[in-house]
Amino acid sequence: VLDNGGWRAVKEAVLRVYPEGEAAASGEFSARLSGPRRDFEQVAQAFGAYGERVDRAEHLDAALARSLDAIDSGRAAVLNVQVAPL
């Protein structure tokens, strides 16, 4: 999961439902999600999968290796990578 603190809607779907809406008028098809962070890795852990959050680039290689090890052992894995905000 690349978590940039936002959500970019599928432009065509929005235009199909709201062709005259504010998104169409402004050309803005995204939402900035404020509030508490989204702990996708904890959702994975709750279901027995491997879950880890990474917020520093220098930790990414090791986190990817741990996630792939989990997959190789037969578990699902979710790696929640914090990236620049939307």
Trainee: Are L2 and F40 connected in the hydrophobic side-chain network, where two residues link if heavy atoms are under 4.5 Å apart?
Mentor: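 Result: no, two separate clusters.
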Trainee: Are R38 and D3 close enough that some pair of their side-chain heavy atoms sits under 4.5 Å apart?
Mentor: yes
Trainee: Is L60 close to L79 at the side-chain level, that is, under 4.5 Å between some pair of heavy atoms?
Mentor: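 Of all side-chain heavy-atom pairs linking L60 with L79, at least one is under 4.5 Å.
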Trainee: Which atom names give the shortest non-hydrogen contact between P19 and A24, and what distance separates them?
Mentor: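 Taking every non-hydrogen atom into account, O-CB, 3.4 Å.
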Trainee: Find the distance between CD (Q82) and NE2 (H59) and round it off to the nearest 0.5 Å.
Mentor: 13.5 Å
Trainee: Between N80 and E41, is the side chain to side chain donor-acceptor pair (under 3.5 Å) condition met? List the steps.
Mentor: CA-CA 6 Å; N80 185 1; E41 72 283 359; 2.8 Å; yes
Trainee: Under 4.0 Å between a Lys/Arg side-chain N and an Asp/Glu carboxylate O for D39 and R37?
Mentor: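 Salt bridge between D39 and R37, a charged N being under 4.0 Å from a carboxylate O: yes.
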Trainee: Please report the shortest heavy-atom distance between A77 and S67, naming the atom on each side.
Mentor: CB-O, 3.8 Å
Trainee: Quick check: is F29 connected to V17 through a chain of hydrophobic side chains (ILVMFWY, heavy atoms under 4.5 Å apart)?
Mentor: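 Cluster IDs for V17 and F29 differ.
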Trainee: Report, as yes or no, whether the 6.0 Å neighbourhood of atom CD on E58 holds more than 12 heavy atoms from other residues, nucleotides or ligands.
Mentor: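 Enclosed: over 12 neighbouring heavy atoms sit under 6.0 Å from CD of E58.
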Trainee: Is there a path of hydrophobic side-chain contacts, each under 4.5 Å between heavy atoms, that joins V1 and V81?
Mentor: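 They do not share one cluster, since no chain of ILVMFWY contacts under 4.5 Å joins V1 to V81.
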Trainee: Is there a side chain to side chain donor-acceptor pair (under 3.5 Å) between E20 and Y18? Walk through the geometry before answering.
Mentor: CA-CA 5 Å; E20 305 298 322; Y18 301 105; over 6 Å; no
